[in-house]
Amino acid sequence: MNDPSKLLSVITTVHNGARDIGACLRSIALQEEIDDYDVEIIVVDDRSEEDIAGQVHHAAVSNVCLIRIDEYSSSDRTARQVALDAGFAKARGSVIFLIDSDGIAPVRWMRQVLDLFESTGADAVAGSLVFRPPPPFISALQTVDAAFYFSWCRIMNGLGVKTGGYFGNFAVRRKAYLSIGGFRALGFTLTEDQAFIRALHDHGRTVTFLDHNPVSVKTPPSWGAVLDRSMRFSTGGLSCLAAAFVLWVLVLPVLAMGGTLWGGIFWGATLFRFLAGLILILFSLPGKIRPLYIPVLLCYEPIAIIIAMCAVFRVIVLREVDWGGITYKR
């Protein structure tokens with residue numbers, strides 16, 4: 001196929017994810033209703049100590065290009081940003097999809113994204129994530145958390161405010177990526193997906209959101225891993241999205257404190273705010289509501305507040321964040 005507009009690229013970066021990369025690649029190879037397109041897959045092996053090349057070969061998926069980065073020496077970008085830029089430099093597709101190396105895409109993921117590009121004329125499409133167990137409680141909590149964040153991103157985007165998203169489920173037109181100058185132009189950031197989407201807004205590009213067909217990703221294996229993940233997100237800096245998110249969450253404990261001190265109307269306001277948050281998440285959850293979601297939904301916001309406070313405290317005290325095998329000083 002010689003028409004460049006009919007070529008799609010999929011980029012995944014991987015650091016020591018040999019056990020998961022095969023399933024990710026096969027989920028791309030099994031995409032349906034895109035027979036009128038060619039698909040190239042670019043795997044960027046970012047300093048892995050595991051046999052990524054062997055697992056890519058074992059997956060037996062065609063049109064895969066493997067790029068190996070042996071060391072990290074950049075001062076203006078994180079290792080993930082360097083890996084992403086390497087993938088984008090190799091990609092030739094008119095639309096470039098991003099998925100995590102442990103991501104498993106539903107079979108109509110690419111088709112639905114392409115349909116959304118066509119119907120909206122957007123420059124980028126952001127999708128949601130679900131976390132697959134084990135452990136079951138943490139997977140449910142992370143899925144609810146992702147839905148909560150994703151709903152706020154959609155709301156803020158609808159209001160014309162710079163928003164966010166996940167690179168685990170994302171697609172962008174190649175020309176839009178080129179217009180912002182790549183990740184080097186963004187500068188050093190541990191929240192590269194948020195920075196990238198904000199840059200799209202700054203350059204007059206539009207982002208739309210895919211309501212269904214979430215990509216499935218692995219759940220952090222422990223509470224410590226959840227905290228480590230939250231520490232990275234806590235470095236995202238000030239933004240309208242972050243401010244709105246934090247203010248919404250803090251309203252609940254403030255109202256509850258007012259109820260404890262003065263009772264009456266404050267307890268009613270606390271209940272109203274809690275139910276509003278519950279409804280917001282329920283409408284944002286992709287797919288079916290599993291039984292374990294129910295207790296998670298009831299205690300999600302208090303747990304999220306505790307995790308966020310612990311993450312911010314650790315970043316302030318330790319002044320460093322571990323991400324992708326690199327310890328970054330704050």
Side-chain angles (χ1 to χ4, degrees), residues 1 3-13 23-44 61 63-64 84 87-88 90-132 143 146-147 149-151 153-158 163-180 192-194 196-201 203 205-217 284-287:
M1 191 174 294
D3 185 354
S5 67
K6 291 295 184 178
L7 176 62
L8 307 175
S9 301
V10 182
I11 298 173
T12 183
T13 66
C24 176
L25 297 179
R26 286 188 289 272
S27 76
I28 302 302
L30 293 173
Q31 291 296 297
E32 297 178 352
E33 300 181 38
I34 55 169
D35 294 339
D36 50 339
Y37 288 90
D38 283 333
V39 178
E40 63 174 9
I41 304 174
I42 299 164
V43 178
V44 185
V61 173
N63 297 326
V64 177
L84 285 166
F88 272 97
K90 188 69 175 178
R92 298 172 295 128
S94 59
V95 174
I96 299 172
F97 292 77
L98 298 178
I99 187 170
D100 290 342
S101 61
D102 62 356
I104 298 177
V107 294
R108 297 191 71 251
W109 174 54
M110 298 179 73
R111 179 70 267 168
Q112 290 199 341
V113 168
L114 292 172
D115 289 344
L116 201 53
F117 271 123
E118 183 177 350
S119 63
T120 65
D123 296 291
V125 174
S128 58
L129 303 176
V130 293
F131 290 77
R132 55 183 184 268
T143 297
Y149 172 73
F150 190 70
S151 66
C153 289
R154 288 196 305 176
I155 291 170
M156 301 300 284
N157 186 68
T163 186
Y166 294 112
F167 271 180
N169 185 350
F170 193 76
V172 62
R173 297 185 192 272
R174 177 179 175 79
K175 62 183 181 181
Y177 165 81
L178 294 174
S179 72
I180 67 174
E192 64 284 332
D193 38 17
Q194 295 179 31
F196 185 86
I197 296 173
R198 288 199 294 264
L200 289 175
H201 281 275
H203 285 76
R205 302 292 182 170
T206 57
V207 181
T208 192
F209 287 77
L210 181 64
D211 291 330
H212 305 292
N213 268 10
V215 169
S216 165
V217 295
S284 302
L285 278 172

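Owing to the predicted nature of the structure, the values given are computational and were not obtained by experimental measurement. Atom set for the values below is all heavy atoms of this structure, side chains included, hydrogens, waters and symmetry mates excluded.
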At their closest point, which heavy atom of [X] faces which heavy atom of [Y], and how far apart are they?
| X | Y | value |
| --- | --- | --- |
| Ala105 | Ser27 | N-OG, 3.1 Å |
| Ser284 | Ser151 | OG-CB, 2.8 Å |
| Ala91 | Ile96 | CB-CD1, 3.9 Å |
| Pro106 | Pro214 | CD-O, 3.4 Å |
| Val61 | Ala29 | CG1-CB, 3.8 Å |
| Ile197 | Gly165 | CD1-N, 3.4 Å |

Main-chain N/O of [Y] paired to [X] side chain as donor or acceptor, under 3.5 Å:
| X | Y | value |
| --- | --- | --- |
| Thr13 | Val44 | no |
| Thr163 | Cys153 | yes |
| Asn169 | Leu129 | no |

*Mind checking whether Phe196 and Phe167 have parallel, tilted or perpendicular rings, split at 30° and 60°?*
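The arrangement is perpendicular - the two ring planes meet at more than 60°.
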
*Got a sec, which residues hit ring pair (Phe, Tyr, Trp, His ring centres under 6.0 Å) with Phe209, two or more places apart in sequence or on another chain?*
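Ring pair (Phe, Tyr, Trp, His ring centres under 6.0 Å) list for Phe209, sorted by chain: Phe150.
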
*Using the test ring pair (Phe, Tyr, Trp, His ring centres under 6.0 Å), find all partners of Phe131 that sit at least two apart in sequence or belong to another chain.*
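Applying ring pair (Phe, Tyr, Trp, His ring centres under 6.0 Å) to Phe131 gives none.
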
Taking the side chain as C-beta and beyond, is there a heavy-atom pair between [X] and [Y] under 4.5 Å?
| X | Y | value |
| --- | --- | --- |
| His203 | Asp123 | no |
| Glu118 | Leu114 | no |
| Phe88 | Leu98 | yes |
| Arg26 | Ile104 | no |

*From the options Asp38, Asp36, Asp35, select the one residue that forms a salt bridge (charged side-chain N to carboxylate O under 4.0 Å, His left out) with Lys6.*
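That would be Asp36.
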
Going from [atom1] on [X] to [atom2] on [Y], what distance comes out if it is rounded to the nearest 0.5 angstrom?
| X | Y | atom1 | atom2 | answer |
| --- | --- | --- | --- | --- |
| Ile180 | His201 | CD1 | NE2 | 11.5 Å |
| Ser5 | Tyr37 | OG | OH | 7.0 Å |
| Ser9 | Tyr177 | OG | OH | 12.0 Å |
| Leu285 | Ser128 | CG | OG | 9.5 Å |
| Arg174 | Leu178 | CZ | CG | 5.0 Å |
| Ile42 | Arg92 | CD1 | CZ | 8.0 Å |

_Residues which pass salt bridge (charged side-chain N to carboxylate O under 4.0 Å, His left out) with Asp100, listed by chain and number, not counting sequence neighbours_ =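 Arg80.
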
*Between Val217 and Tyr166, is a side chain to side chain contact (heavy atoms under 4.5 Å, CB included) present by the stated rule, with each step listed?*
CA-CA 11 Å; Val217 295; Tyr166 294 112; over 6 Å; no

*So among Leu25, Asn63, Leu8, Ile99, which one has a side-chain contact (heavy atoms from CB on, under 4.5 Å) with Ile41?*
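Passing option: Leu25.
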
*Please assess Val39 against Met110 for the test side chain to side chain contact (heavy atoms under 4.5 Å, CB included), listing each intermediate value before the final yes or no.*
CA-CA 10 Å; Val39 178; Met110 298 179 73; 4.2 Å; yes

_ring pair (Phe, Tyr, Trp, His ring centres under 6.0 Å) contacts touching residues 90-115 (sequence neighbours left out)_ =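 For residues 90-115: Phe97-Trp109.
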
*In chain order, what residues pass the side chain to side chain contact (heavy atoms under 4.5 Å, CB included) check against Arg108, with sequence neighbours excluded?*
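Once residues adjacent in sequence are excluded, the partners of Arg108 under the side chain to side chain contact (heavy atoms under 4.5 Å, CB included) criterion are Glu32, Glu33, Arg111, Gln112, Asp115, Asn213.
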
_Applying side chain to side chain contact (heavy atoms under 4.5 Å, CB included), can you list everything that pairs with Leu116, at least two apart in sequence or on another chain?_
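Partners of Leu116 under the side chain to side chain contact (heavy atoms under 4.5 Å, CB included) test: Ser119, Thr120, Val125, Thr208, Leu210.
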
